[in-house]
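The chain is numbered in sequence order, starting from 1.
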Amino acid sequence: MQLFNRYVSPRGLTVFGCEIMLIFGSVAVAARAHGVAADVSADVWKIAFVTGLCQICFYFNDLYDLTVVHSSRELLIRLLQAAGAASIIIALLYLLMPSLAIGNGIFVSSLVIFLVAIVG
């Protein structure tokens, strides 16, 4: 399939779409579990920002190039590296712009939920 004059495999596109739903859902579940966002619709743009940033980190860590990753161990290492990079970037952005923060501990909780869901 051609997308922006570049070949994209349907499998990679499916993985990308599922991960968007998993990241967005895990942040929303963590926000509700912490009781910070009783109305998640007020923070949708913040959750979408975190989701987009995580997806960019996954893309730059070659998680969507399925020809590069040859074993499940290598996939897990790349996933943890991308999650770590996303965590550092989000922490720095939260320090620079506190209005981006959803709440205390929500990103860490959502990261745990997301990583368990991906590995499962």
Side-chain angles (χ1 to χ4, degrees):
M1 169 187 325
Q2 290 284 336
L3 186 65
F4 301 117
N5 292 328
R6 187 170 181 190
Y7 177 75
V8 179
S9 71
R11 182 178 176 197
L13 198 59
T14 303
V15 169
F16 183 76
C18 289
E19 284 183 357
I20 286 175
M21 290 187 294
L22 281 174
I23 296 170
F24 194 90
S26 66
V27 175
V29 165
R32 300 237 20 192
H34 280 270
V36 172
D39 183 20
V40 176
S41 63
D43 290 330
V44 167
W45 70 272
K46 292 178 183 179
I47 296 172
F49 176 74
V50 169
T51 302
L53 191 63
C54 287
Q55 288 292 76
I56 290 170
C57 288
F58 292 161
Y59 175 78
F60 282 118
N61 214 352
D62 290 331
L63 286 178
Y64 300 116
D65 189 2
L66 301 175
T67 59
V68 173
V69 180
H70 297 291
S71 68
S72 59
R73 183 176 185 184
E74 184 179 356
L75 180 67
L76 181 64
I77 290 170
R78 287 179 182 265
L79 179 68
L80 291 174
Q81 286 175 341
S87 299
I88 291 170
I89 292 169
I90 288 174
L92 290 174
L93 286 174
Y94 282 178
L95 283 174
L96 294 174
M97 293 179 283
S99 63
L100 287 177
I102 299 170
N104 290 334
I106 292 177
F107 180 72
V108 175
S109 299
S110 66
L111 190 64
V112 170
I113 293 169
F114 171 69
L115 291 176
V116 168
I118 288 292
V119 171

Quiz item: Looking at SG of Cys54 and CG of Leu22, how far apart are the two atoms once the value is rounded to the nearest 0.5 Å?
Solution: 11.5 Å

Quiz item: Nearest 0.5 Å, what's the CD-CD1 distance between Glu74 and Ile77?
Solution: 7.5 Å

Quiz item: Does Val50 reach the side chain of Trp45, with side-chain heavy atoms less than 4.5 Å apart?
Solution: no

Practice problem: Take atom OH of Tyr94 as the centre, draw a 6.0 Å sphere, and report whether it contains more than 12 heavy atoms from other residues, nucleotides or ligands. | Solution: yes

Practice problem: Would you give the length of the straight line joining atom SG of Cys57 to atom CG of Leu79, rounded to the nearest 0.5 angstrom? | Solution: 11.5 Å

Quiz item: What distance do Met97 atom CE and Phe49 atom CZ have between them, rounded to the nearest 0.5 Å?
Solution: 6.0 Å

Quiz prompt | Verify same cluster id: Val108, Ile23 (apolar side-chain graph, 4.5 Å) | solution = no

Quiz item: Under 3.5 Å, side chain of Glu19 to main-chain N/O of Gln55, donor-acceptor pair present?
Solution: no

Exercise. Report the C-alpha separation of Ser110 and Val29 in whole Å, then their side-chain angles, then the decisive distance to 0.1 Å, and conclude whether the side chain to side chain contact (heavy atoms under 4.5 Å, CB included) test is met.
Key: CA-CA 7 Å; Ser110 66; Val29 165; over 6 Å; no

Self-check item: Ile102 side, atom CD1; Ile90 side, atom CD1 - distance, nearest 0.5 Å
Solution: 8.5 Å

Self-check item: CD1 on Ile47 to CZ on Phe24, rounded to 0.5 Å
Solution: 5.0 Å

Return all side-chain donor-acceptor pairs below 3.5 angstrom for residues 113-120, not counting sequence neighbours, or 'none' if the list is empty.
none

Quiz prompt | Leu96-Ile88 co-clustered via ILVMFWY side chain contacts under 4.5 Å | solution = no

Quiz item: Is there a path from Val112 to Phe107 through hydrophobic residues (I, L, V, M, F, W, Y) whose side chains come within less than 4.5 Å of each other?
Solution: no

Quiz item: Should Ile89 and Leu100 be regarded as members of a common hydrophobic cluster, given that ILVMFWY residues are connected when their side-chain heavy atoms come within less than 4.5 Å of each other, either directly or indirectly?
Solution: yes

